[in-house]
Amino acid sequence: MKPQIIQDHNGNPTGVFIPIKEWEELKKQYPEIDNNPSFELSNEQKKILDERLKADKKEFISARKALNNIRHKYGL
């Protein structure tokens, strides 16, 4: 298996990407893995997501400002 670890802007692991062929094989091996159509996040998971979203907003800049920063940095 060759999963890819997905990281946030700080390098913290936040998820895993599994190629579809490997996912299909896992479902064949463990049929119960795909039998939960109603997935619900725990309150702790929701709290973590809320905190990360707030942190991301603090570091957010507009596309125009980003473009201006790039132009300034590279003398465009």
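In what follows, residues are counted from 1 in the order of the sequence shown. Keep in mind that the numbers below use all heavy atoms, side chains included, and drop hydrogens, waters and symmetry copies. A quick note: this is a predicted structure, and the numbers were derived from the prediction, not measured.
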task = Evaluate salt bridge (charged side-chain N to carboxylate O under 4.0 Å, His left out) for Lys54 paired with Glu51, printing each intermediate quantity in order.
result = CA-CA 5 Å; Lys54 287 178 189 174; Glu51 289 170 1; over 6 Å; no
Give the table of side-chain donor-acceptor pairs shorter than 3.5 Å for residues 12-22, with sequence neighbours excluded, one pair per line with atom names and distance.
from	atom 1	to	atom 2	distance (Å)
Asn12	ND2	Asp8	OD2	3.4
Thr14	OG1	Ile6	O	3.1
Glu22	OE1	Lys2	N	3.1
Glu22	OE2	Lys2	N	3.4

task = Look at the side-chain heavy atoms of Ile, Leu, Val, Met, Phe, Trp and Tyr, link any pair under 4.5 Å apart, and say whether Leu26 and Ile5 land in one connected group.
result = yes
query = Do you reckon Leu53 sits in the same ILVMFWY cluster as Ile48, going by side-chain contacts under 4.5 Å, direct or chained?
reply = no
If you look only at distance, which donor and acceptor atoms sit under 3.5 Å apart when one is on a side chain in residues 63-74 and the other is two or more places apart or in another chain?
from	atom 1	to	atom 2	distance (Å)
Asn68	ND2	Arg64	O	3.4

message = Nearest 0.5 angstrom please: Lys47 NZ to Asn43 CG, how far?
response = 10.5 Å
